[in-house]
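These notes concern the structure reproduced below.
Because the structure is predicted, anything quoted here is derived from the model rather than measured. When a residue number appears, it is its place in the shown sequence, counting from 1.
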Amino acid sequence: MTALVGCSASLEDYKATSPNFNLFEYFEGETLAWGMVQDYTGKQTRRFEVSIIGTVDGDQITLDEDFIFDDGEKQKRIWTITRLEDGSYEGTAGDVVGTAKGSESGNALNWIYDLSVEVGDSTYVLTLDDWLYRQDEKRAFNLTSMKKFGVEVGKISIFFEKQD
């Protein structure tokens, strides 16, 4: 796990915020999302929509994610996330290298993992540092820093809306 230093935000900063993020409660059922990828200069390089179906079974949630990108590419990611005894999370998905680790405090959830990303004929492993923030009962947003060898190479922004 990456150490946060300097001016970086800490989960403790969100302890008194509400509503509580509550990963399992928020993502159970259907959620739609819209997002974009930006390169290291801030230029938007891709846009996408995601349909997410979350299924909770005890201390585990499965997130079945279907992505459609602005160029017509489709991707599927299926997360299996387990809530640990201390309230933190561990998760796996097909394109995640190793195990993702996350914790929440107040309205925030921080999720860190390595992702295998195909670009043209090459595959890169990027470290993603996701910060999700619950806005209200239906909406949340996600700001992600993508790093290679500790240097930020891009960002992802996603806006989620829970469906009835």
Side-chain angles (χ1 to χ4, degrees), residues 1-11 14 21 23-24 26-27 29-55 60-84 88-104 107-135 139-163:
M1 188 172 291
T2 305
L4 300 176
V5 295
C7 298
S8 297
S10 164
L11 270 176
Y14 301 98
F21 195 89
L23 175 70
F24 282 26
Y26 183 77
F27 282 107
E30 183 180 6
T31 305
L32 298 179
W34 302 264
M36 69 174 178
V37 180
Q38 294 171 277
D39 67 15
Y40 69 96
T41 69
K43 177 184 174 190
Q44 181 187 69
T45 59
R46 299 188 89 182
R47 296 182 317 271
F48 57 89
E49 294 181 14
V50 188
S51 173
I52 305 165
I53 302 296
T55 306
Q60 191 169 79
I61 186 169
T62 301
L63 300 178
D64 187 339
E65 303 175 337
D66 289 304
F67 291 79
I68 301 175
F69 290 87
D70 57 322
D71 63 2
E73 180 186 352
K74 294 180 179 181
Q75 289 183 10
K76 180 182 255 323
R77 177 175 299 121
I78 299 175
W79 280 101
T80 302
I81 301 170
T82 302
R83 182 176 30 224
L84 304 178
S88 66
Y89 300 99
E90 288 187 345
T92 58
D95 52 356
V96 170
V97 178
T99 302
K101 306 233 182 245
S103 296
E104 57 187 25
N107 78 323
L109 181 141
N110 182 223
W111 190 238
I112 298 174
Y113 55 98
D114 291 336
L115 187 70
S116 180
V117 178
E118 292 182 20
V119 178
D121 293 334
S122 299
T123 301
Y124 301 94
V125 175
L126 303 178
T127 298
L128 276 64
D129 186 357
D130 280 352
W131 283 87
L132 291 89
Y133 304 93
R134 182 128 179 210
Q135 180 71 18
R139 286 169 286 280
F141 47 97
N142 177 350
L143 302 173
T144 302
S145 171
M146 297 184 293
K147 292 183 179 179
K148 179 74 176 163
F149 302 120
V151 176
E152 188 171 77
V153 296
K155 294 181 182 187
I156 303 170
S157 302
I158 307 174
F159 300 91
F160 299 96
E161 186 172 67
K162 188 169 179 62
Q163 304 301 291

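How far CG of Leu63 is from CD1 of Ile53: 10.0 Å, rounded to the nearest 0.5 Å. We find the CD-OG1 distance between Gln60 and Thr62 to be 5.5 Å, quoted to the nearest 0.5 Å. If you take CD on Gln44 and CG on Asp70, they are separated by 7.0 Å, rounding to the nearest 0.5 Å. Rounding to the nearest 0.5 Å gives a distance of 5.0 Å between CD1 of Ile68 and NZ of Lys74. Here the CG-CD distance, from Leu126 to Glu152, works out to 11.0 Å after rounding to the nearest 0.5 Å.
In this view, Phe48 and Phe67, Phe69 satisfy the ring-ring contact (aromatic ring centres under 6.0 Å, His included) rule, not counting sequence neighbours.
Between Phe159 and Phe141, the ring planes lie tilted relative to each other; the angle falls in the 30° to 60° range.
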Inset, instruction - Begin with the C-alpha distance, continue with both residues' side-chain angles, and end with the deciding distance and a verdict on side-chain contact (heavy atoms from CB on, under 4.5 Å) for Ile81 and Arg83. - result: CA-CA 7 Å; Ile81 301 170; Arg83 182 176 30 224; over 6 Å; no

Inset, instruction - Determine, step by step, whether Thr31 and Tyr26 satisfy the side-chain contact (heavy atoms from CB on, under 4.5 Å) criterion, reporting the C-alpha distance in whole Å, the side-chain angles of both residues, the deciding distance to 0.1 Å, and the verdict. - result: CA-CA 9 Å; Thr31 305; Tyr26 183 77; 4.2 Å; yes

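Pairing each heavy atom of Ala33 with each of Ile158, the nearest pair is CB-CG2, 3.7 Å. Nearest approach of Trp79 to Gly91, heavy atoms of both residues: CZ3-C, 4.0 Å. Pairing each heavy atom of Ser10 with each of Trp131, the nearest pair is C-CH2, 4.0 Å. The two residues Glu161 and Trp34 have their closest heavy-atom pair at CB-CZ3, 3.9 Å.
A donor and an acceptor atom, one from each side chain of Glu104 and Tyr89, are located under 3.5 Å apart. Side-chain polar atoms of Asn142 and Thr144 form a donor-acceptor pair below 3.5 angstrom.
Between Ser51 and Glu49 the shortest side-chain heavy-atom distance does not fall below 4.5 Å. Looking at Phe27 and Ile61, their side chains come closer than 4.5 Å, going by heavy atoms from C-beta outward. Leu132 is listed as a side-chain neighbour of Phe160, based on a closest heavy-atom distance under 4.5 Å. Residues Val37 and Met146 form a side-chain contact, since some pair of their non-hydrogen atoms from C-beta on lies under 4.5 Å apart. Between Glu73 and Arg46 the shortest side-chain heavy-atom distance falls below 4.5 Å. A heavy-atom distance below 4.5 Å is not found between the side chains of Ile52 and Glu30. For the pair Gln38/Ser157, a side-chain contact is recorded, criterion being any heavy-atom separation below 4.5 Å from C-beta on. You'll find the side chain of Leu32 reaches within 4.5 Å of the side chain of Gln163, heavy atoms only.
Looking at Asn107, its side chain never comes within 3.5 Å of a backbone N or O of Phe21 through a donor-acceptor pair.
A salt bridge does not link Lys155 with Asp39: every distance from a Lys NZ or Arg NE/NH1/NH2 to an Asp or Glu carboxylate oxygen is 4.0 Å or more.
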Using distance only, find each side-chain donor-acceptor pair of residues 111-123 under 3.5 Å and give its atom names and separation, not counting sequence neighbours.
| from | atom 1 | to | atom 2 | distance (Å) |
| --- | --- | --- | --- | --- |
| Tyr113 | OH | Asp130 | OD2 | 3.3 |
| Asp114 | OD1 | Thr127 | OG1 | 2.7 |

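For residues 88-100, every residue pair satisfying the salt bridge (Lys or Arg N to Asp or Glu O under 4.0 Å) rule, not counting sequence neighbours, is listed here: Arg77-Asp95, Glu90-Lys101.
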